[in-house]
Student: 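I am attaching a structure below and will ask some questions about it afterwards.
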Amino acid sequence: MENLIVALFEILSFGAIVVLVVLGLGIIASMMGIFNFAQGEFVLLGAYVTYLAYTAGLPVWTGMVAAPFVVGALGFVLERLVVRRFYAAPIVAMLGTYALGLIIREIVRGLIGGLYISVPEPIGGSIAFGSMHFSTWRLVIIVVTALVMVGSYLLLSRTSFGLRVRASLENPALARASGISTNAIYGATFAFGAALAGLAGALIVPVFSLFADLGLRFLIQGFVAVMVGGIGSFAGPVAGAGVIGTLSAALPWVIQPVVADVLVFVLAIVFIKFRPQGLVSGKGI
């Protein structure tokens with residue numbers, strides 16, 4: 001029983017990481033109709049910013065606070081300079097963001113020398129319940145993810161910015177006719193999605209270490225999770241992330257990890273084949 005509880009905690013903490021990555025990816029996909037294949041590299045950049053703060057002698061948590069702002073600002077610049085030019089051609093946009101991600105990944109690889117670099121947890125140790133011990137930092141990840149999810153939902157559903165986002169999503173032409181700058185909304189949305197990925201990278205680097213391919217796994221899982229959850233709603237990507245994150249973390253407990261990764265993707269493909277609209281379909285945030 002104790003082993004089961006510990007396993008459930010590990011599954012929940014990994015699922016929380018996937019949710020953070022997918023939330024930003026899903027918002028961008030639902031809003032703009034494109035998949036940002038640089039999202040994994042935004043996760044990498046969040047981890048790298050945290051590492052830079054640590055090597056500069058600053059507390060690790062300062063880098064984690066700075067990461068979403070730095071990565072969000074970079075995402076905004078990239079959207080203004082590159083991504084916005086391809087909205088009319090989603091396939092080209094995906095190839096463009098993939099190229100951007102490849103450039104970012106190789107730059108970071110050159111900067112860290114292809115090494116695996118450890119970054120300490122800002123809050124170390126574990127919490128004991130009887131004979132069970134739970135990582136304090138993984139608990140922090142779960143709590144932060146829950147707060148970010150609630151905050152994102154309230155931002156998109158209870159604020160004037162969220163109203164403009166929903167209007168631009170539902171009917172861009174009517175939104176422009178109403179005086180809403182959809183270009184500005186797209187830029188802000190892309191930056192917000194990038195910031196969430198940066199936050200995810202900052203939170204996970206003490207768990208997974210820093211290496212150039214850190215974001216690749218989460219990009220693939222995020223893409224599959226968005227497809228499983230469904231595009232066009234806030235709940236869809238979150239639901240998909242919950243399913244994919246849970247399967248990815250749970251299956252290695254019962255079968256070999258390599259087989260588990262393949263099985264997750266096979267199950268996702270089968271599901272998408274029979275329900276292409278995803279778990280939750282809709283055209284509203």
Side-chain angles (χ1 to χ4, degrees), residues 20-49 66-108 148 151-152 155-156 159-176 178-202 214-216 218-220 222-223 225-227 231-234 236-237 283 285:
L20 269 182
V21 177
V22 170
L23 191 58
L25 184 63
I27 289 174
I28 292 173
S30 297
M31 180 71 203
M32 303 174 178
I34 64 170
F35 279 99
N36 174 26
F37 278 92
Q39 193 77 355
E41 278 60 52
F42 289 153
V43 173
L44 172 63
L45 285 177
Y48 185 67
V49 170
F69 295 99
V70 173
V71 178
L74 177 62
F76 181 79
V77 171
L78 292 178
E79 193 278 338
R80 295 288 88 183
L81 295 179
V82 180
V83 179
R84 65 179 298 188
R85 305 176 187 277
F86 302 122
Y87 287 148
I91 299 299
V92 179
M94 288 189 288
L95 293 175
T97 56
Y98 177 80
L100 288 173
L102 184 61
I103 292 170
I104 293 171
R105 183 164 69 251
E106 295 310 314
I107 289 175
V108 174
V148 169
S152 299
L155 175 67
L156 294 171
T159 66
S160 59
F161 171 74
L163 179 62
R164 293 194 293 271
V165 169
R166 297 198 307 274
S168 301
L169 173 63
E170 292 282 354
N171 193 324
L174 183 58
R176 286 191 292 268
S178 302
I180 297 174
S181 175
T182 54
N183 284 334
I185 293 295
Y186 290 163
T189 302
F190 194 89
F192 181 60
L196 290 177
L199 176 61
L214 173 65
L216 283 180
F218 295 102
L219 171 64
I220 297 171
F223 177 79
V226 171
M227 296 301 296
I231 300 174
S233 70
F234 180 87
K283 289 300 294 179
I285 294 295

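Atom set for the values below is all heavy atoms of this structure, side chains included, hydrogens, waters and symmetry mates excluded.
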Student: Side chains of Phe161 and Ile185: closer than 4.5 Å at any heavy-atom pair?
Tutor: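 Yes. Closest side-chain heavy atoms under 4.5 Å.
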Student: Considering non-hydrogen atoms only, spot the tightest contact between Ala191 and Phe76 and give its length.
Tutor: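 Looks like CB-CB, 3.8 Å.
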Student: Can you see which heavy atom on Ala67 is nearest to which on Gly46, and at what distance?
Tutor: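 Closest approach of Ala67 to Gly46: CB-O, 3.6 Å.
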Student: Measuring from Leu219:CG to Arg105:CZ, what's the distance to the nearest 0.5 Å?
Tutor: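 The CG atom of Leu219 sits 8.5 Å away from the CZ atom of Arg105.
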Student: If I take atom CZ from residue Arg84 and atom CG from residue Asn183, how far apart are they, to the nearest 0.5 angstrom?
Tutor: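 Those atoms lie 5.0 Å apart.
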Student: In Å and rounded to the nearest 0.5 Å, what is the CZ to CD distance from Phe190 to Gln39?
Tutor: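 One finds 7.5 Å between CZ of Phe190 and CD of Gln39.
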Student: Could you tell me which non-hydrogen atom of Met227 sits nearest to which non-hydrogen atom of Phe35, and how far apart they are?
Tutor: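 The answer is SD-CZ, 3.5 Å.
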Student: Just how far is it from atom CG of Leu74 to atom CD of Glu41, taken to the nearest 0.5 Å?
Tutor: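 It comes to 11.5 Å.
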Student: How many angstroms lie between atom CG of Leu44 and atom CD1 of Ile104, to the nearest 0.5 angstrom?
Tutor: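 Going from CG on Leu44 over to CD1 on Ile104, the span is 8.5 Å.
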Student: Rounded to the nearest 0.5 Å, how far apart are CG of Leu25 and CZ of Phe223?
Tutor: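 It comes to 8.5 Å.
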Student: Is the backbone of Phe37 close enough, under 3.5 Å, to the side chain of Thr97 for a donor and an acceptor to pair up by distance?
Tutor: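 The answer is yes, because a donor-acceptor pair under 3.5 Å joins these two groups.
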Student: Which pairs would a plain distance check flag for residues 192-200, meaning a side-chain donor or acceptor within less than 3.5 Å of a matching protein atom at least two apart in sequence or in another chain?
Tutor:
none

Student: Could you check Ile107 against Tyr48 for side chain to side chain contact (heavy atoms under 4.5 Å, CB included), going step by step and ending with a plain yes or no?
Tutor: CA-CA 11 Å; Ile107 289 175; Tyr48 185 67; over 6 Å; no
Student: Do you know which two heavy atoms are closest between Gly222 and Val22, and how far apart they sit?
Tutor: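 Nearest heavy atoms, Gly222 then Val22: CA-CG2, 3.3 Å.
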Student: Compare all side-chain heavy atoms of Val108 with those of Leu214 and state whether any distance is below 4.5 angstrom.
Tutor: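 Heavy-atom side-chain distance check fails, nothing below 4.5 Å.
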